[in-house]
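All ligand and atom numbering here is 1-based and tracks the order in the structure. Predicted model only: the values in this text are computed from it and were never measured. The first residue in the sequence is number 1, and the count goes up from there.
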Amino acid sequence: MSQDERIGKATFTRRDALKFAGAAGVMAALPWSGLPEADAAAPVLKGPQAGGFYRFTIGEIEAIVISDGGLSFQPIQPTWAPEASKEELDGILRSAFLPTDRLTLEVNTLLLKIGGELVLVDTGAGGLFGPTLGKQRERLSAAGVQPGQVTAVVITHAHGDHFGGLLDSAGKPVFPNASYFASKTEVDYWTGPDPDMSKLRLPEENKKVFAANAKRYLGAIKDRLTPVSAGQKILPGMEVLSAPGHTPGHIALLVSSGKEALLNSADTVHHHVLMFAHPEWTSAFDSDPTMGAKTRRKLLDRAATDGLRVLGYHLPFPGIGHVRTAKGGGFKWIPEPWNWTS
Ligand SMILES: [Zn+2]
C-alpha cells in the first residue's frame with residue numbers, strides 16, 4: 001500500500017482532485033473550487049430544528065398541519081408503556097431503529113378552512129412545556145395566518161400540550177375572535193370541584209399542576225365556550241367522536257368533505273410504534289388507562305377496517321397516514337408521503 005493510499009480521504013487535496021477530474025474545466029464545476037483551501041468560514045449547523053407546516057386537502061376543505069414542536073421523555077418507563085418488560089420494549093424500539101433511552105413525541109395541531117370558518121384543532125403547549133414546544137403561533141404566521149383570523153378553536157381534551165397556546169405570556173387570549181369548543185364531559189370534569197385523578201400515575205404535585213392549568217385555561221375561555229357531545233357536528237363536515245380514557249371527555253374528530261375524510265385521532269395513540277404494536281400499552285397521563293386502551297383498539301380497528309386517513313397529534317410530523325392490522329393482534333402505522341402538488 002502506498003503512502004497516498006494509506007492517507008486516503010483525510011488528506012485529499014485540490015491537486016489530487018485535479019488529477020482525479022483530469023481537466024481544469026471539470027474542476028471549475030466542483031462546488032468548492034473557488035474557495036480558499038483552508039479557513040473557509042463554515043456555518044454552524046447545530047441548533048434548534050426549524051419545523052413548520054404542511055398543506056393538504058380533505059375534499060373541498062383546505063387544511064394545514066401546524067407543528068408546535070416536539071418533546072422527548074427520558075427515561076421512557078414508567079411514564080410510557082409501564083406494562084411492557086424492559087426487554088420487550090427495547091426490542092420493539094430497536095426493531096424500529098429508535099433509541100431505547102427516550103421517547104420523542106411531536107405535536108401536530110390542525111388548521112381547517114370549512115366554508116368561511118378558520119378552525120384550529122388544539123393550540124399546542126404555548127409556554128407550558130419549555131422551548132422545544134410552543135411554536136404554533138409563529139408557524140401559523142409563517143403559513144400566512146394571523147391569530148385574529150381564526151374563528152373557531154376545538155380543544156380535544158384539557159391537557160397543557162393541547163390548550164397551552166390559548167393564552168399568551170400575559171394571560172391574554174391568543175385568538176381574540178374565536179369561538180371555542182370542547183366536550184361537555186371534559187369541561188365538567190376539569191372545572192368541577194374535585195376531578196378524580198386517582199388512576200393517573202403521576203406524582204401528586206404534577207396532578208395538582210394539571211388540574212390548576214386546566215381550570216385556568218378553560219376558565220379563561222368559558223364565556224365563548226360551547227360544550228359538545230359525541231355525534232354532534234361542530235361545523236358541517238366536522239363530527240365529534242367520543243374517545244374516552246386518556247381523559248374522561250377526550251374526543252376525536254371525523255372531518256369529511258365529499259368522498260374524502262380525515263380522522264383526527266388526537267391523543268388516542270401517542271407513539272407511531274409502541275401503541276400500534278401494543279394498543280394495550282398505556283401512558284401515565286391516562287385518566288383511565290384501561291378505558292384508554294379499549295378506545296385505542298376500537299378507533300384503530302375502525303381506521304384499519306375503513307381505510308381511513310388518520311392524523312395523530314403526537315405522531316411524526318405531519319402525522320398523516322393510514323393504519324393496517326399487523327401480526328400478533330396489533331396495528332401498523334403507514335405514514336403518507338408528502339404531496340408536493342396540493
Ligand atoms: Zn397530548
Side-chain angles (χ1 to χ4, degrees), residues 51 65-74 76 79-82 102-111 120-130 132-136 139 153-167 181-183 185-187 189-190 195 197 199-202 206-207 209-214 216-218 240-253 263-276 279 281-289 291-293 295-296 299-300 310-320 333:
V65 175
I66 308 274
S67 167
D68 191 55
L71 187 62
S72 282
F73 293 83
Q74 193 171 10
I76 297 171
T79 308
W80 301 97
R102 76 198 65 194
L103 202 68
T104 299
L105 304 187
E106 304 210 22
V107 171
N108 301 313
T109 69
L110 176 65
L111 183 71
L120 197 56
V121 182
D122 290 325
T123 65
L128 294 177
F129 281 77
T132 61
L133 286 170
K135 315 287 186 195
Q136 185 192 55
R139 287 173 187 166
V153 175
V154 182
I155 300 294
T156 58
H157 62 292
H159 278 172
D161 55 322
H162 296 253
F163 63 56
L166 284 171
L167 303 178
F181 300 87
S183 101
T185 310
E186 189 75 354
V187 176
Y189 172 80
W190 290 105
M197 304 178 84
K199 292 183 187 165
L200 270 172
R201 290 155 296 175
L202 295 172
N206 294 34
K207 292 184 189 181
V209 172
F210 263 54
N213 278 338
R216 179 175 165 228
Y217 281 74
L218 290 175
V240 176
L241 306 181
S242 173
H246 181 54
T247 63
H250 178 268
I251 56 171
L253 297 165
L263 172 64
N264 183 332
S265 61
D267 276 19
T268 305
V269 55
H270 285 89
H271 190 263
H272 64 293
V273 174
L274 296 189
M275 287 156 170
F276 282 88
W281 287 356
T282 65
S283 135
F285 299 106
D286 293 339
S287 287
D288 184 336
M291 190 189 287
T295 293
R296 178 160 41 255
L299 218 69
L300 291 177
V310 173
L311 170 69
Y313 193 72
H314 291 299
L315 304 185
F317 177 80
I320 302 172
W333 175 243

Using only heavy-atom distances, determine whether the side chains of S287 and T247 contain a donor-acceptor pair under 3.5 Å. no

Mind checking whether the Zn ion (ligand 1) has an N, O or S of H162 under 2.8 Å? yes

Do the rings of W80 and F285 sit parallel, tilted or perpendicular, given the 30° and 60° boundaries? tilted

When you measure from the Zn ion (ligand 1) to each N, O or S atom of D161, which atom gives the shortest distance? OD2

T109 and D68: side-chain donor and acceptor closer than 3.5 Å? no

Does H157 bring an N, O or S atom to under 2.8 Å of the Zn ion (ligand 1)? no

D267 atom (N/O/S) at minimal separation from the Zn ion (ligand 1): OD2

Checking side-chain polar atoms at under 3.5 Å, does T282 have a donor or acceptor matched by the opposite partner on R201? yes

What's the atom name of the N, O or S in H314 nearest to the Zn ion (ligand 1)? NE2

Is it true that the side chains of H157 and D267 contain a donor and an acceptor less than 3.5 Å apart? yes

